[in-house]
Asker: 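One structure, pasted below without further comment.
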Amino acid sequence: MPENKMKILIDSLRRDLLSAKLINDTEKIWRQYFGGSGSIKLALKEIKNLPVAEKKAKAPLMQRLNQEALDLFKEKEKSLKNDKLKLELEAGAEELNYNLPKIGHLHPISQTIREMNKLFISMGFSIMDGPEIEKDEYCFQRLNVPIDHPARDMQDTIYIKEPNFLLRTQTSSVEARVMENYKPPFKIVSPGRVYRNENVNKSNHFIFHQYQGLVVVEKTSMKDLFGTLDVLFKKMYGSEVVVRYRNKYYPEVEPGVGPDMQCFNCHGKGCSLCKGIGWIEMGGAGIIHPDVLKMAGIDPKKWMGFAFGLGLDRWVMAKYNITDIRTLLGGNLGYKYYENENTI
């Protein structure tokens with residue numbers, strides 16, 4: 001009977017496949033069973049010699065047995081191909097017995113941002129971000145700086161489409177968006193790039209970075225603000241860091257202060273970096289103005305807070321002893337200061 005013969009051939013095929021160890025062994029097995037004169041191929045041809053009625057009854061069974069044989073072969077062939085590929089990969093890996101050189105490092109600005117983020121997260125702050133192409137509403141108006149306010153003269157704004165679209169001059173714009181979209185209480189920080197039409201020199205650049213902080217709670221004070229900044233200064237520069245706070249005007253806060261750190265380059269003696277005064281202004285801060293809270297839909301009788309905006313590039317320069325801000329955005333991986341003061 002053809003079907004009995006086919007079952008015997010499948011058992012024989014199964015034994016031969018089991019003994020095959022290499023992919024090349026399957027070529028011989030294919031010819032033996034499925035080639036032009038292969039035993040399974042010939043067994044299928046015997047169906048045509050059967051009577052018509054028997055042929056109709058047994059042909060489907062023979063086709064199923066043939067498919068079973070093909071599936072056994074393909075499964076074994078696939079397994080041996082995978083084994084061959086694995087061996088080739090392992091052999092190639094053994095040849096790569098050298099250590100790849102370590103190339104590149106995080107930019108000092110990125111390193112500083114990560115360190116500061118880690119500290120503020122440990123104090124319960126969230127990290128927020130906002131657009132660098134900003135609307136006048138969020139960069140100025142919601143921060144208590146209307147169109148005719150003289151404080152606008154303090155910032156040389158780079159407009160994309162005057163008067164409404166600009167490159168943000170401060171990360172306080174993130175502060176304005178957070179207060180508009182979130183209900184207090186909250187504590188957030190936001191690092192990012194800002195832009196102003198500045199003359200480029202050792203301590204100023206038209207592209208620089210700020211690190212914004214915002215706290216809105218039911219009750220706070222300047223004491224909390226000073227404590228937060230003191231923790232940051234000591235974390236970044238050690239317990240011996242010398243810091244002072246001066247009264248400063250910022251339209252979005254009242255009262256406002258400017259935290260200064262003793263110049264890291266001259267240690268208070270006076271140099272070109274600190275413009276001869278021995279101190280470097282590291283940012284601005286203060287208690288959030290009630291009008292700023294009102295514009296965000298926050299009741300100033302129930303909520304209050306403080307904010308700070310730090311000149312991140314100066315924090316980086318002080319931490320890594322970089323004496324020229326221009327090198328932070330230059331191509332010199334050694335961050336060497338310019339020998340020529342007029343070079344930009």
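The basis for the numbers below is simple: all heavy atoms, side chains too, and nothing from hydrogens, waters or symmetry mates. In what follows, residues are counted from 1 in the order of the sequence shown.
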Asker: Check whether any side-chain heavy atom of L312 sits under 4.5 Å from a side-chain heavy atom of I109, and report yes or no.
Answerer: yes
Asker: May I ask you to test the P191-H209 pair for a side-chain heavy-atom distance under 4.5 Å?
Answerer: no
Asker: Answer yes or no: is there an ion pair linking E252 with R142, defined by an N-O contact shorter than 4.0 Å?
Answerer: no
Asker: Establish whether F206 and V194 are linked, either directly or via other cluster members, by ILVMFWY side-chain heavy-atom contacts under 4.5 Å.
Answerer: no
Asker: Quick check on E75: does its CD atom have over 12 non-hydrogen neighbours (other residues, nucleotides or ligands) under 6.0 Å away?
Answerer: no
Asker: Could you go through Y211 and N117, starting from their C-alpha distance and side-chain angles, then the distance that decides it, and tell me whether this counts as side chain to side chain donor-acceptor pair (under 3.5 Å)?
Answerer: CA-CA 10 Å; Y211 196 94; N117 283 350; 2.7 Å; yes
Asker: Only one of I133, I158, T169 passes side chain to side chain contact (heavy atoms under 4.5 Å, CB included) with Y195; say which it is.
Answerer: I158
Asker: Under a single-linkage definition using a 4.5 Å side-chain heavy-atom cutoff for Ile, Leu, Val, Met, Phe, Trp and Tyr, are V253 and M295 assigned to the same hydrophobic cluster?
Answerer: no
Asker: Indicate the ring-plane relationship of F73 and W30, choosing parallel, tilted or perpendicular according to the 30° and 60° boundaries.
Answerer: tilted
Asker: If you take all heavy atoms of Y250 and E281, which pair is closest and at what distance?
Answerer: OH-OE2, 3.2 Å
Asker: V242 and M282: same hydrophobic cluster, using ILVMFWY side-chain contacts below 4.5 Å?
Answerer: no
Asker: Give a yes or no on whether a salt bridge exists between E240 and K234, defined as a side-chain N under 4.0 angstrom from a carboxylate O.
Answerer: no
Asker: Give a yes or no on whether the backbone of P108 and the side-chain of T112 come within a donor-acceptor separation of less than 3.5 Å.
Answerer: yes
Asker: Hydrophobic clusters here meaning ILVMFWY residues chained together by side-chain heavy-atom distances under 4.5 Å, can you tell me if F208 and L328 are in one?
Answerer: no
Asker: How close do K76 and L18 get, counting heavy atoms only, and between which atoms?
Answerer: NZ-O, 4.2 Å
Asker: Is any side-chain heavy atom of L106 less than 4.5 Å from a side-chain heavy atom of Q111?
Answerer: yes
Asker: What I want to check is whether the side chains of S172 and Y138 have a donor and an acceptor closer together than 3.5 Å.
Answerer: no
Asker: Counting only N and O atoms by type, is there a donor-acceptor contact under 3.5 Å from the side chain of K248 to the main-chain atoms of G286?
Answerer: no
Asker: Counting only heavy atoms from other residues, nucleotides and ligands, does the tally under 6.0 Å from NZ of K135 exceed 12?
Answerer: no
Asker: Do NZ/NE/NH1/NH2 and the carboxylate oxygens of R244 and D260 come within less than 4.0 Å?
Answerer: yes
Asker: Look at D324 together with R326 and state whether they make a salt bridge at an N to O cut-off of under 4.0 Å.
Answerer: yes
Asker: Going by atom types only, do T171 and Q212 share a side-chain donor-acceptor pair under 3.5 Å?
Answerer: yes
Asker: Hey, could you give me the CG/CG distance between L13 and L17, rounded to the nearest 0.5 Å?
Answerer: 4.5 Å
Asker: To the closest 0.5 Å, what do you measure between CD1 (I322) and CZ (R314)?
Answerer: 14.0 Å
Asker: Kindly determine whether I325 and M317 satisfy side-chain contact (heavy atoms from CB on, under 4.5 Å), including the steps that lead there.
Answerer: CA-CA 7 Å; I325 194 173; M317 292 170 67; 3.7 Å; yes
Asker: Assess whether atom CZ of R114 is packed by more than 12 heavy atoms of other residues, nucleotides or ligands within 6.0 Å.
Answerer: no
Asker: Got a salt bridge between E134 and R177, using NZ or NE/NH1/NH2 to carboxylate O under 4.0 Å?
Answerer: yes
Asker: Begin from the C-alpha positions of Y159 and N164 and carry the test side chain to side chain donor-acceptor pair (under 3.5 Å) through to its verdict.
Answerer: CA-CA 8 Å; Y159 284 94; N164 291 323; over 6 Å; no
Asker: Are the side chains of E254 and I287 in touch, meaning some heavy atoms are under 4.5 Å apart?
Answerer: no
Asker: When rounded to the nearest 0.5 angstrom, what distance separates SG in C263 from NZ in K269?
Answerer: 11.5 Å
Asker: Count I, L, V, M, F, W, Y as connected when their side-chain heavy atoms are under 4.5 Å apart, and connections chain through other members. Are W279 and V243 then in the same cluster?
Answerer: no
Asker: Is any side-chain heavy atom of D136 less than 4.5 Å from a side-chain heavy atom of F165?
Answerer: no
Asker: Taking D156 for the side chain and R196 for the main chain, is one N or O donor matched with an acceptor at less than 3.5 Å?
Answerer: no
Asker: Is any NZ, NE, NH1 or NH2 atom of the basic residue among K74 and D71 found under 4.0 Å from an Asp or Glu carboxylate oxygen of the other?
Answerer: no
Asker: Quick one: closest heavy-atom pair of E68 and R14, and the distance?
Answerer: OE2-NH2, 3.5 Å
Asker: A side-chain contact here means heavy atoms from C-beta on lying under 4.5 Å apart; do Q170 and C139 qualify?
Answerer: yes
Asker: Side chains of V231 and F120: does their closest heavy-atom pair fall under 4.5 Å?
Answerer: no
Asker: Drop me the distance from Q32's CD to S39's OG, to the nearest 0.5 angstrom.
Answerer: 6.0 Å
Asker: Could you walk me through whether V257 and R246 satisfy the side-chain contact (heavy atoms from CB on, under 4.5 Å) test, starting with their C-alpha distance in whole Å, then the side-chain angles of each, then the deciding distance to 0.1 Å, before giving a yes or no?
Answerer: CA-CA 5 Å; V257 295; R246 292 179 295 118; over 6 Å; no
Asker: Using links of under 4.5 Å between side-chain heavy atoms of ILVMFWY residues, direct or through other members, which residues join V178 in one cluster?
Answerer: M128, V174, M179, Y182, F186, I188, L214, V216, I288, V292, L293, I298, W303
Asker: Are F140 and I147 close enough, and set up right, to give a side-chain contact (heavy atoms from CB on, under 4.5 Å), and what steps lead you there?
Answerer: CA-CA 8 Å; F140 292 119; I147 294 176; over 6 Å; no
Asker: Determine, stepwise, if the pair F226 / F308 fulfils ring-ring contact (aromatic ring centres under 6.0 Å, His included).
Answerer: CA-CA 10 Å; F226 291 157; F308 54 84; over 10 Å; no
Asker: Just so I know, are the side chains of Y237 and W315 near enough to count as touching, which here means a heavy-atom distance under 4.5 Å?
Answerer: yes
Asker: Rounded to the nearest 0.5 Å, what separation is found between the CG atom of L232 and the CD atom of E115?
Answerer: 9.0 Å
Asker: Quick one: closest heavy-atom pair of G278 and C266, and the distance?
Answerer: CA-SG, 4.3 Å
Asker: Would E198 and H205 count as a side-chain contact (heavy atoms from CB on, under 4.5 Å) if you check the C-alpha gap in whole Å, the side-chain angles of each, and the deciding distance to 0.1 Å?
Answerer: CA-CA 6 Å; E198 298 270 4; H205 207 293; over 6 Å; no
Asker: Counting only heavy atoms not in D11, do more than 12 fall under 6.0 Å of its CG?
Answerer: yes
Asker: Specify the closest pair of heavy atoms between A69 and I10, including all atoms of both residues, with the distance to one decimal.
Answerer: CB-CG1, 4.1 Å
Asker: Atom NZ of residue position K78 - does it have more than 12 heavy atoms of other residues, nucleotides or ligands inside 6.0 Å?
Answerer: no
Asker: To check you understand the geometry: which heavy-atom pair defines the closest contact between A318 and M261, and what is its length?
Answerer: CB-CE, 3.4 Å
Asker: Counting only heavy atoms not in K235, do more than 12 fall under 6.0 Å of its NZ?
Answerer: no
